[in-house]
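Keep in mind that what you see is a predicted model, and the values were worked out from it rather than measured. What's counted below: heavy atoms across the whole structure, side chains too, no hydrogens, waters or symmetry copies.
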Amino acid sequence: MGRMRRERGRGVAVNGRSVHVEESGQGTDWVIFEAGAGLGRTSWDAVLPLLADRARLVAYDRAGFGRSGRTSGQLGIDDMAADLAALIEEVVPRSSSLVLVAHSMGGLVARGAADHLGPRLRGLLLIDPTPESAPVYDRFDQTARKVDRALAVTQALVRFRPLARLASGNVRRVFPADTYATMLAEDFVPAGTAQTRKELRAVVAAIPRFRAEPPGLPACPTVLLAPSRPERGRGEQRTVMTVHQRQWVATLPNGRFEEVDSGHLIQAEQPGIVAEAVGRLLARTARADEGHTLGSPPPAGGSAR
């Protein structure tokens, strides 16, 4: 199977639930990582070592996933966002600057949490999120039903390790071997697939509300990384998605759009680019803090590109 990760973590209580947290790195600033659907803390393994000397780093599994406590009911995106905010309150000192990094569905969670965090949030990096305006969400309830049926089959098949490896081939190809070995043992199992199905239902429930009443726009510097390489047969969908991502970034007071030579899992395929983007947000945070110390206003917002 390959060597397993040996990082230690701890359980943190959030809103009556328990989430598994791994902390690494050193520094005065903090970076929190929010995974996409079907993934957890291990999805950031390639990025974390590149930032270890820049900041304190926190990666975790959402409730019900990975090593976190199981959930009996259906959590919504709001619940996940509240858990993320509660985790930050528990782990990150109030005096510390904070950058939040989120992948895919995690972008919805991070945007919800940003409303809770207010000025504590000093930078936001979103990796290939799907804006609620994107046409892919127009009939997402129908799409989700088809995906759920496929996941129901997968949930039964992943009991058998060779079939679990087959079902997770797209992940195996891009993540380090020891990371994938841990994913195979913890995530690509019946309980992990069941939780992925719950999270899919949470997105279905959240999108109408996000469209009717979107979360407040993040005021902090925000970078959106979009992949330039679409999945096979989805070139047109990728083009449309990129348009909507650009349009969403253009509405931000301090946003930047960047296209990356990668597929959807940018943090695995291009970890250096992700780390560099985090580093730029940390540097802006440091300059803003210095400006406050000197009695001058923080830097003015940049434009979306």
Side-chain angles (χ1 to χ4, degrees), residues 1 4-5 9 11-22 33-45 59-84 86-87 102-110 112-113 129-130 136-137 140-172 174-175 179-207 209 264-265 268:
M1 182 187 290
M4 296 283 284
R5 300 165 75 253
V12 174
V14 294
N15 301 315
R17 294 177 280 274
S18 174
V19 296
H20 180 81
V21 176
E22 288 180 355
F33 294 86
E34 179 71 37
L39 297 172
R41 72 194 190 285
T42 53
S43 65
W44 303 105
D45 279 4
Y60 81 108
D61 294 324
R62 281 186 296 272
F65 203 73
R67 292 188 182 177
S68 290
R70 294 293 170 250
T71 59
S72 55
Q74 171 71 54
L75 298 182
I77 295 295
D78 282 350
D79 298 312
M80 300 176 207
D83 284 359
L84 174 56
L87 168 64
H103 174 240
S104 195
M105 183 208 81
L108 296 176
V109 178
T130 302
V136 69
Y137 281 143
F140 192 62
D141 55 342
Q142 299 174 30
T143 302
R145 281 196 291 271
K146 294 177 183 177
V147 173
D148 185 69
R149 286 196 292 271
L151 286 174
V153 174
T154 300
Q155 186 175 333
L157 294 179
V158 294
R159 287 186 172 87
F160 306 98
R161 296 292 80 194
L163 294 178
R165 289 179 61 85
L166 186 64
S168 56
N170 62 319
V171 172
R172 184 178 70 248
V174 295
F175 281 100
T179 296
Y180 175 69
T182 303
M183 289 176 165
L184 193 63
E186 295 180 1
D187 304 335
F188 301 117
V189 294
T193 306
Q195 188 65 23
T196 301
R197 295 173 68 190
K198 286 184 178 181
E199 293 191 342
L200 182 65
R201 289 193 286 271
V203 174
V204 171
I207 291 307
R209 182 175 51 77
H264 179 59
L265 294 166

Beyond-backbone contact of [X] with [Y], side-chain heavy atoms, under 4.5 angstrom:
X      : Y      : result
Arg41  : Thr182 : yes
Leu184 : Arg165 : yes
Asp61  : Val19  : no
Ser168 : Tyr180 : yes
Met183 : Leu39  : yes
Tyr60  : Leu84  : yes
Met80  : Glu34  : no
Glu186 : His20  : no

Among residues at least two apart in sequence or on other chains, which ones pass side-chain contact (heavy atoms from CB on, under 4.5 Å) with [X]?
X      : result
Thr143 : Phe140, Val147
Arg70  : Ala191
Asn170 : Arg173

Sequence neighbours excluded, which residues qualify as salt bridge (charged side-chain N to carboxylate O under 4.0 Å, His left out) partners of [X]?
X      : answer
Asp148 : Arg197, Arg201
Asp45  : Arg5
Arg209 : Asp78

Can you list the residues that meet the side-chain hydrogen bond (donor to acceptor under 3.5 Å, both in side chains) rule with [X], with sequence neighbours excluded?
X      : answer
Arg172 : none
Thr130 : none
Asp187 : none
Asn15  : Asp83

State, to 0.1 Å, how close [X] and [Y] come at their nearest heavy-atom pair, and which atoms those are.
X      : Y      : answer
Val158 : Gln155 : CG2-O, 3.5 Å
Ala113 : Ala81  : N-CB, 3.5 Å
Ala35  : Gly40  : CB-O, 3.5 Å
Ser43  : Phe175 : O-CE2, 3.3 Å
Gly107 : Ala102 : N-CB, 3.8 Å

Problem - For His264, all residues meeting ring pair (Phe, Tyr, Trp, His ring centres under 6.0 Å), sequence neighbours excluded - result: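 Per chain and number, His264 pairs via ring pair (Phe, Tyr, Trp, His ring centres under 6.0 Å) with His103.
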Practice task
List for me each residue that meets ring pair (Phe, Tyr, Trp, His ring centres under 6.0 Å) alongside Phe65, sequence neighbours excluded, and say none if there are none.
Solution key: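 Partners of Phe65 under the ring pair (Phe, Tyr, Trp, His ring centres under 6.0 Å) test: none.
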Exercise for the section: Calculate, to the nearest 0.5 Å, the distance between atoms CD and OG1 belonging to Gln195 and Thr193 respectively. Expected result: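 So the gap between those two atoms works out to 10.5 Å.
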Exercise for the section: Working to the nearest 0.5 Å, report the span between CG of Leu163 and CZ of Arg161. Expected result: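 So the CG of Leu163 and the CZ of Arg161 are separated by 9.5 Å.
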Can you tell me if [X] uses its side chain to pair, donor with acceptor, with the backbone of [Y] under 3.5 Å?
X     : Y     : answer
Arg62 : Gly36 : yes
Arg17 : Gly64 : no
Thr71 : Ala63 : no

